[in-house]
Protein chains: 2
Amino acid sequence: MLLVSENARQGDPAQEQFSISELSQEFDVTTRAIRFYEDEGLLEPHRQGRQRVYSSRDRVRLKLILRGKRLGFSLSEIGDIIDMYDSEPGEVGQLQYFIEKISVRRKTLKQQRNDIEVTLKELDGIEKQCRKSMTHLDQP
Amino acid sequence: MLLVSENARQGDPAQEQFSISELSQEFDVTTRAIRFYEDEGLLEPHRQGRQRVYSSRDRVRLKLILRGKRLGFSLSEIGDIIDMYDSEPGEVGQLQYFIEKISVRRKTLKQQRNDIEVTLKELDGIEKQCRKSMTHLDQP
DNA sequence: ATTTCCGTTTACGTAAACGTCAATTAAAGC
DNA sequence: GCTTTAATTGACGTTTACGTAAACGGAAAT
């Protein structure tokens, strides 16, 4: 009998397996949400009987989903994005279409990045005003 | 009679006035949305009789609302943010609270900015792969 | 005068993204 | 064997952010 840590689902690191609750805890999302992402076609884990078994590829996809959410994209947009990541397109037309999509996505992201820079600077200004007001109130 | 451009609501640039449809067109949002933001307490334009009249301050607030939306914030979050911009807090406690809020907001924004950088780089990689595949398909 | 355009109000509808609850099933521990 | 415990499925509920339609009010153009 070999000594393995915690469970026997390791070995080839590319073949790690995860339960829904493990992923739920690691990424701090509810299992309900994870199943919902599956309903929406964003994940399709294997099954051992009825139980879902997630591969490390599934885990990466979940990571991408959550990052997309933090950036304010809808699940269907996220679906499009993820499909860009790991699909193996055969035709040139597909690739052209891909590149256009990438360009659109890039524009949105740059807009967001700009919005963030502006907002961060404004926050600096507001904070300075706050601190100024506070010292005034401290020493009247 | 003076020559004024378009309408007589100009002069002191800080006292410009706007109709709901002007703002709707300028920022490409529906009037319904603008009224909704008012229902949610994010805007409170003056009235001439029953009609809404927006000041340049209202216009700025609308701008902030839309920027917040692009960054994926909910309207209530946006409300909090905007209130930070133009409220005149009196007490030190308020200011402390403010600064904490600013710090939280800053963290979120920096997380988003990081997400964006990562995503942009990944897009670069995907696009390169695409272009590579295309040339391969071009010259078999 | 009446059509035409805004604008307003009220109300109902809806899509997205889950939350919540109930009923099962399966696996694990004692 | 029995009881927790974890996971599944299904159904319904909820919140957010508006869309859409109806019905009315005033002002302007013809």
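A note on names: the letters A, B, ... follow the listed sequences, proteins ahead of strands, and every chain is numbered from 1. Keep in mind that the numbers below use all heavy atoms, side chains included, and drop hydrogens, waters and symmetry copies.
A donor-acceptor contact shorter than 3.5 Å links the side chain of A:Ser133 to the backbone of A:Gln129.
Heavy-atom neighbours of B:Asp39 CG from other residues, nucleotides or ligands within 6.0 Å: above the threshold of 12. Counting non-hydrogen atoms of other residues, nucleotides and ligands closer than 6.0 Å to OH of B:Tyr85 gives a total above 12.
Atoms CG (B:Asp28) and C1' (D:dC18) sit 15 Å apart, rounded to a whole Å. Protein atom CZ of A:Phe36 is 10 Å distant from nucleotide atom C1' of C:dA15, rounded to whole Å. Between B:Tyr54 atom OH and C:dC6 atom C1' the separation is 13 Å, expressed in whole Å. Atom C1' of nucleotide C:dA27 and atom CD1 of A:Ile20 are separated by 17 Å, given to the nearest angstrom. Across the protein-nucleic acid pair, B:Asp39 atom CG and D:dT16 atom P stand 14 Å apart, rounded to whole Å. C:dC6 atom C1' lies 14 Å from atom CZ of B:Arg47, rounded to whole Å. Going from atom CZ of B:Phe18 over to atom P of C:dG7 covers 14 Å, rounded to whole Å. Taking atom CD of A:Glu38 as the reference point, atom P of D:dG10 lies 12 Å away to the nearest angstrom.
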All N/O contacts under 3.5 Å from nucleotides 19-22 of chain C to the protein, with atom names and distances to one decimal?
residue	atom	partner	partner atom	Å
C:dG19	OP2	A:Thr30	OG1	2.7
C:dG19	N7	A:Arg32	NE	3.4
C:dG19	O6	A:Arg32	NH2	3.1
C:dT20	O4	A:Arg32	NE	3.0

Quick test: give all pairs of protein nitrogen or oxygen and nucleotides 26-28 of chain D nitrogen or oxygen below 3.5 Å, distance rounded to 0.1 Å.
none

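Under the 4.5 Å side-chain heavy-atom criterion for grouping Ile, Leu, Val, Met, Phe, Trp and Tyr, B:Ile34 is not connected to B:Val53 through any hydrophobic cluster. Residues A:Ile82 and B:Val118 do not share a hydrophobic cluster, defined by chaining ILVMFWY side chains whose heavy atoms lie under 4.5 Å apart.
For A:Leu66, the side chain to side chain contact (heavy atoms under 4.5 Å, CB included) partners are A:Phe27, A:Val29, A:Tyr37, A:Leu62, A:Arg70, not counting sequence neighbours. Every residue two or more places apart in sequence or in another chain that forms a side chain to side chain contact (heavy atoms under 4.5 Å, CB included) with B:Glu117 is listed here: A:Arg113. In this structure B:Phe36 satisfies the side chain to side chain contact (heavy atoms under 4.5 Å, CB included) test together with B:Arg32, B:Glu40, B:Leu75, sequence neighbours excluded.
An OP1 or OP2 oxygen of D:dC18 is reached within less than 4.0 angstrom by a side-chain nitrogen or oxygen of B:Tyr37. Between B:Arg52 and the phosphate of C:dT8, there is a side-chain N or O to OP1/OP2 separation shorter than 4.0 Å. Phosphate proximity of D:dT9 to A:Arg35: absent, as no side-chain N or O sits under 4.0 Å from OP1 or OP2.
Contact record, A:Cys130 with B:Leu95: SG-CD2, 3.8 Å, taken as the closest heavy-atom pair.
Taking the ring centre of B:Phe73 as origin, the terminal cationic atom of B:Arg105 falls inside the region bounded by 6.0 Å and 45° from the ring axis. For the pair A:Arg59 and A:Tyr54, the NZ or CZ position fails the cation-pi test of under 6.0 Å to the six-membered ring centre and within 45 degrees of the ring normal.
Two residues are said to be in side-chain contact when any heavy atoms from C-beta on lie closer than 4.5 Å; B:Ser56 and B:Phe18 meet this criterion.
At the heavy-atom level, A:Ser21 lies under 4.0 Å from the strands shown only through sugar-phosphate atoms.
A heavy-atom distance below 4.0 Å to DNA chain C is reached by none of the residues of residues 63-80 of chain B.
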